[in-house]
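Read the structure below first, then the notes.
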There are 2 protein chains.
Amino acid sequence: MSRKAGGPTSEESSKSARTRERILDAAAHVLSRKGYAGTRLGDIADQAQLQAPAIYYYFGSREDLIEEVMWTGARRVREHVSETLDALPADTDPMDRICAAIEAHLHIELELSDFATAVIRNSGQIPEHLRTRQLAEEGEYGKLWRTLFRDLDNAGDLRPGLDPRVAHLLVLGAINWAAEWWNPKRDTFDAVVRNAQSLVRHGLSARSQLIEPDEQTGSRPPRKRTRRTP
Amino acid sequence: MSRKAGGPTSEESSKSARTRERILDAAAHVLSRKGYAGTRLGDIADQAQLQAPAIYYYFGSREDLIEEVMWTGARRVREHVSETLDALPADTDPMDRICAAIEAHLHIELELSDFATAVIRNSGQIPEHLRTRQLAEEGEYGKLWRTLFRDLDNAGDLRPGLDPRVAHLLVLGAINWAAEWWNPKRDTFDAVVRNAQSLVRHGLSARSQLIEPDEQTGSRPPRKRTRRTP
DNA sequence: GTCTATATACGGATAGAC
DNA sequence: GTCTATCCGTATATAGAC
């Protein structure tokens, strides 16, 4: 709505640019915890260790600041996952690429960035006019995932009966939701990644056929399973 | 924080009780779309077709009203899924019970209730003191799912390598997140249910082994993989 | 660049008429 | 039971000192 403030916008790291970063980080932190309407400039200022009016030297308005958090969050997720995929050997098979994307997405979501969780938790509540740049990023990110699933399908390894679009949204949901429950004191990050990959790999693959036990062959002892230690 | 207003609280459907329901429904509607901090009594009043101060005849405060929405949402989800499971034949196998729970959860989340989405979207942003009753309900609901997974495990049908707790949270995430993207104009409700059930069934089952293609047996035509378009 | 002081708007809550 | 009028706390944003 309002115009950019006169403050520096470039990406060099002058003192001024670093203060701007501090404010942006603080805004992502507060936004991810309090939600859009609950995000107060006062809380952001506390987190960034300055007074609220100082924010206006760097951002034109509260809305401008929040808009930039959402866009930055969407962009960083896409870039991180995209770069991870680009770094894979050229002959990596489609399912392994999907598993790599799952790990990369979880990594930036759970370990790297308040920006990612700010986006995940607030996309549904933020006014449309603040989401233009974010939506463009998410469109690109959606393309990336559609390509991963299309490649799996083209390789003949997407199980018949699964719709690529719906399946991709369910998978993304499973990992996005991890931000709501993951507690590093209960589960290691690696445990979450391994479970998600295992679930998805077997859930999607056309090679994952359910073996009918037909008659009780008795070949499998009914195990009493002990708790896994991660 | 504040006490209940003197208004009727029982579940009979006098005119008064129905007005109270209308306000509660309106609050769930607004809460699920605007978020906790963004939920205005004025918006709730508009939705319920009365003026804001009238709300205070039925609820002691904005917080009391929101607390009841969250509790009601959590309770309805648990009751709906629980009743669905109870109605299954006693010999239904564990995986089929999980699939039935998935359908029931999706059903109340996507088709029946703003209360469910209000809970899903706001649990992370609402102050703790408004969540006591909701958390108790969710504890019970968690037990229900843990039982489903434990039964699957005890039947020897939870694939080794999956942690029952993590797997159950990933599954619940996949279906909770559907509220963020499902559009009845794009996908039928049944399509979402079928994809989710298929993904989970193959993703969890110990009987779902990946068949290694080792050598190209020629049984599957090697479909051409198209290059990604940026 | 960052602060204190303050103008202005908005939303929850209450008083009291009907 | 539901309304109109209003009080009051809080939040964004601006003015202007340093």
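Treat the numbers as computed from the prediction; the structure is a model and nothing was measured. Chain naming here is simple, since letters A, B, ... match the order of the sequence lines and numbering starts at 1 in each.
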If you count heavy atoms of other groups shown closer than 6.0 angstrom to CZ of B:Arg186, is the number above 12?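 No, CZ of B:Arg186 has 12 or fewer neighbouring heavy atoms, counting only those of other groups under 6.0 Å.
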Could you state the [atom1]-[atom2] distance from [X] to [N], rounded to the nearest angstrom?
{"X": "A:Lys15", "N": "C:dG1", "atom1": "NZ", "atom2": "C1'", "value": "12 Å"}
{"X": "A:Phe59", "N": "D:dT14", "atom1": "CZ", "atom2": "P", "value": "16 Å"}
{"X": "B:Ile23", "N": "D:dG1", "atom1": "CD1", "atom2": "C1'", "value": "10 Å"}
{"X": "A:Ile66", "N": "D:dT12", "atom1": "CD1", "atom2": "C1'", "value": "11 Å"}
{"X": "B:Tyr58", "N": "C:dA13", "atom1": "OH", "atom2": "C1'", "value": "18 Å"}
{"X": "A:Asp46", "N": "C:dC3", "atom1": "CG", "atom2": "P", "value": "11 Å"}
{"X": "A:Leu65", "N": "D:dT12", "atom1": "CG", "atom2": "P", "value": "11 Å"}
{"X": "A:Tyr36", "N": "D:dA11", "atom1": "OH", "atom2": "P", "value": "15 Å"}

Residue-phosphate contact under 4.0 Å: B:Thr19 side-chain N/O, D:dG1 OP1/OP2: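 The answer is no; no side-chain N or O of B:Thr19 sits under 4.0 Å from OP1 or OP2.
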B:Arg121/B:Glu180 ion pair, N-O < 4.0 Å: yes
[X] has a side chain; which of [options] sits nearest to it?
{"X": "B:Leu50", "options": "D:dC3, D:dA15, C:dG1", "value": "D:dC3"}
{"X": "B:Tyr57", "options": "D:dG1, C:dT2, D:dA15", "value": "D:dG1"}
{"X": "B:Pro53", "options": "C:dA5, D:dA5, D:dG1", "value": "D:dA5"}

Under the salt bridge (charged side-chain N to carboxylate O under 4.0 Å, His left out) definition, can you give me all pairs with a residue in residues 77-87 of chain B, not counting sequence neighbours?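 Listed once each, the pairs are B:Arg75-B:Glu79, B:Arg78-B:Glu137.
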Any salt bridge (charged side-chain N to carboxylate O under 4.0 Å, His left out) pairs touching residues 34-53 of chain B, not counting sequence neighbours? B:Lys34-B:Asp43
What pairs with [X] under side chain to side chain donor-acceptor pair (under 3.5 Å), at least two apart in sequence or on another chain?
{"X": "A:Tyr36", "answer": "none"}
{"X": "A:Gln47", "answer": "none"}
{"X": "A:Arg165", "answer": "B:Asp187"}

Heteroatom pairs (N/O) under 3.5 angstrom, protein to nucleotides 8-12 of chain C:
from, atom 1, to, atom 2, distance (Å)
C:dG12, OP1, B:Thr39, O, 3.4
C:dG12, OP1, B:Leu41, N, 3.4
C:dG12, OP1, B:Arg62, NE, 3.3
C:dG12, OP2, B:Leu41, N, 3.1

